[in-house]
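Just so you know, these numbers come straight off a predicted model, no measurement behind them. Proteins come first, then strands; the chains are lettered A, B, ... in the order of their sequence lines, and each starts at number 1.
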Amino acid sequence: MKQQFFFILQGYSEKQYPKMVRTRFAPSPTGQLHIGGARTALFNWLFAKHHKGRFVLRIEDTDRERSRDEYTQGILDGLAWLGIVHDEGPFFQSARMELYKEHALRLLQEGHAYKCYCTTQELEEKRKRALKEGQKPAYDRTCREKTIEDPDKPHVIRFKTPLSGTVAFHDLVRGEISFQCDELDDLVILRTDQTPTYNFTVVVDDALMGITHIIRGDDHINNTPRQILMYEALKFAVPRFAHVPLIHGKDRARLSKRHGATSLLEYREEGFLPEALMNYLARLGWAHGDDEIFSKEELIEKFDLPNVGRSPAIFDMDKLLWLNDHYMKTLPVEVVAERLAPFITAQSRTAPDRAKLIQIIRNLLGRAKTLKEMAQMAGFFFGEEIEYETSAKAKFLTQAARPILEQFLKDFQELPSLDEASQRALIESIARDHGKKLVDIVQPIRVALSGKAVSPGIFEVIGILGKDLVKKRIERAISLIS
RNA sequence: GGUCCCAUCGUCUAGUGGCCUAGGACACCGGCCUCUCACGUCGGUAACACGAGUUCGACUCUCGUUGGGACCA
């Protein structure tokens with residue numbers, strides 16, 4: 001493992017880059033931070049931390065039309081929630097426009113780029129003609145060798161892609177990848193309105209920010225050869241690339257909105273723990289032997305690129321739920337209470353007493369897999385009035401149950417203690433008196449107290465509710481039997 | 001359509017030529033536990049896409065086929 005790392009570093013000119021690993025996450029603020037983006041950020045962050053390097057955050061907001069401040073904020077919130085902390089930034093591309101222009105002009109002066117005066121209509125016609133003739137719809141390089149310049153005429157600046165040869169690179173997760181230059185066309189780097197294009201800003205920024213390892217989704221593989229060519233033309237050291245497979249939905253297509261919750265913050269709202277999500281995301285496309293559970297510290301210690309898989313992974317909600325359940329059970333109960341409280345407040349309009357909440361959590365662990373679900377299950381512990389599930393009420397709050405509830409109400413109030421042993425003795429004696437099984441006694445009581453046919457253990461429920469509430473609810477239930 | 005990438009249980013994956021009658025985890029099924037539902041626990045079903053090579057030996061290497069995906073249009 002160590003040897004490989006040194007090999008990686010050999011690619012750098014020491015003058016240009018320090019030996020330190022530098023990675024970045026560079027989202028566009030044109031939408032919510034989604035699961036795939038979050039995993040890319042995680043991999044970059046883990047890789048940097050693992051190698052004692054630095055992680056840079058850059059916001060690619062050159063598309064003024066679609067970029068929104070609220071999305072930038074969402075990205076920041078999402079990363080913070082997960083526990084991914086950037087060492088530098090956030091840097092905004094919108095504040096660096098002069099820089100891109102400067103470098104584009106430099107390429108122009110040095111003969112690596114040229115002005116193209118072709119109009120949109122001309123290009124469109126050429127494209128259609130090429131397609132009709134079965135040719136590739138690439139730009140035909142009409143302006144590439146033009147010597148006459150007309151500064152007043154609108155133009156774009158195109159990069160001069162070599163006409164022949166190959167661009168090859170060693171991808172840190174895929175191995176050797178190569179492209180023929182003649183497959184690439186002369187891409188626009190500066191538009192008519194002087195704004196730079198994506199492939200150009202990425203190169204300028206990554207180079208200027210000293211990024212040593214570019215870890216990104218494999219939807220960018222096709223961009224890589226053009227970018228390498230631009231690094232070389234700009235005389236920048238070429239960084240190492242690692243293309244990680246995309247996350248897919250159940251239909252094996254790239255994860256998108258129609259697959260359900262894709263925004264990271266939706267998972268927070270749904271009651272997932274950041275520990276669980278980080279663990280899950282890390283294991284999606286990466287493995288460390290047979291291990292499944294990783295704390296943040298263990299991930300930093302163990303994560304590395306050679307163990308990243310090459311094939312796309314399908315997002316599996318069941319496994320995420322399992323991990324969430326695991327972390328709810330293993331995190332200190334005080335921490336769970338802290339995180340659960342807002343959900344309780346939102347659903348029961350009650351700010352719960354901390355000691356009572358912890359007692360409730362202990363009884364709900366294993367039953368609820370998310371904080372939200374737990375809050376829903378805990379609802380009946382709060383407030384005077386409870387709602388009865390229709391089916392539970394119809395099945396258990398019947399005429400047959402009336403005498404049972406009445407006897408329970410009477411005997412229960414005389415109980416000296418609410419410990420399990422005395423409660424059990426009481427219910428067993430009622431069962432004997434009525435010639436019924438324990439379950440036939442417990443279920444009506446459960447429904448009377450919780451409104452549901454399913455709840456935590458009845459003795460715990462009674463213990464947490466306390467004598468007063470139990471009395472009120474049993475009385476109310478009896479009054480509801482028609 | 002062109003370019004590029006990918007291919008082990010339903011899913012995430014271990015596996016780097018003999019350790020593989022292919023391991024773990026989630027999900028699923030069954031037993032136990034039990035006041036309900038879960039948890040827990042024990043056990044079970046389930047995969048190397050296909051075809052040629054290379055090799056004494058291929059899940060592992062090469063090529064092809066098929067299938068899937070991404071990007072561009």
Which base sits across from [N] as a Watson-Crick or G-U pair, both distances under 3.5 Å?
| N | result |
| --- | --- |
| U65(B) | A49(B) |
| U41(B) | G31(B) |
| G57(B) | none |
| A14(B) | none |
| U21(B) | none |
| C72(B) | G1(B) |

Between [options], which nucleotide has the shortest distance from any of its atoms to the side chain of [X]?
| X | options | value |
| --- | --- | --- |
| His248(A) | G69(B), C26(B), U13(B) | G69(B) |
| Val439(A) | G2(B), U36(B), G24(B) | U36(B) |
| Glu292(A) | A25(B), A14(B), C35(B) | A25(B) |
| Arg310(A) | C6(B), A70(B), C12(B) | C6(B) |
| Leu284(A) | G69(B), C35(B), C12(B) | C12(B) |
| Asp318(A) | C4(B), U13(B), C26(B) | C26(B) |
| Asp316(A) | C26(B), C71(B), C39(B) | C26(B) |
| Ala313(A) | U13(B), C6(B), C35(B) | U13(B) |

(message) Taking Asp185(A)'s backbone N and O only, do any of them form a donor-acceptor pair with Thr161(A)'s side chain (distance below 3.5 Å, no angle check)?
(response) yes
(message) Need the glycosidic conformation of C39(B): syn if within 90° of 0, anti if not. Which one?
(response) syn
(message) Go nucleotide by nucleotide along RNA chain B from the 5' end; which of Asp251(A) and Gly457(A) gets its closest nucleotide reached first?
(response) Gly457(A)
(request) Take His220(A) and Gly366(A), find for each the nucleotide of RNA chain B with the closest heavy atom, and name the residue whose nucleotide sits nearer the 5' end. (result) Gly366(A)
(message) Checking Asn199(A) against Gln227(A): is there a side-chain donor and acceptor pair closer than 3.5 Å?
(response) yes
(message) Is it the case that the side chains of Arg446(A) and Ser450(A) hold a donor-acceptor pair, with the cut-off being a distance below 3.5 Å and no angle test?
(response) no
Considering just the side-chain nitrogens and oxygens of [X], establish if one lies under 4.0 Å of OP1 or OP2 belonging to [N].
| X | N | value |
| --- | --- | --- |
| Lys369(A) | A27(B) | yes |
| Lys329(A) | G40(B) | yes |
| Arg424(A) | C35(B) | yes |

Establish whether the base of [N] is bridged to the side chain of [X] by a donor-acceptor pair shorter than 3.5 Å.
| X | N | result |
| --- | --- | --- |
| Arg446(A) | C35(B) | yes |
| Lys319(A) | A27(B) | no |
| Arg367(A) | C37(B) | yes |

(message) Testing Leu340(A), Ile344(A), Ile361(A) one by one against Leu371(A) for a side-chain contact (heavy atoms from CB on, under 4.5 Å), which residue passes?
(response) Leu340(A)
Pick the [atom1] atom in [N] and in [M], then give their distance to the nearest Å.
| N | M | atom1 | value |
| --- | --- | --- | --- |
| C4(B) | C61(B) | C1' | 22 Å |
| U3(B) | C9(B) | C1' | 33 Å |
| C71(B) | U62(B) | C1' | 28 Å |

(request) Before accepting this row, confirm whether a basic side-chain N of the pair Lys372(A)/Glu269(A) lies closer than 4.0 Å to the acidic partner's carboxylate O. (result) no
(request) Determine, step by step, whether Arg339(A) and Glu275(A) satisfy the salt bridge (charged side-chain N to carboxylate O under 4.0 Å, His left out) criterion, reporting the C-alpha distance in whole Å, the side-chain angles of both residues, the deciding distance to 0.1 Å, and the verdict. (result) CA-CA 12 Å; Arg339(A) 311 237 181 114; Glu275(A) 289 84 355; 2.9 Å; yes
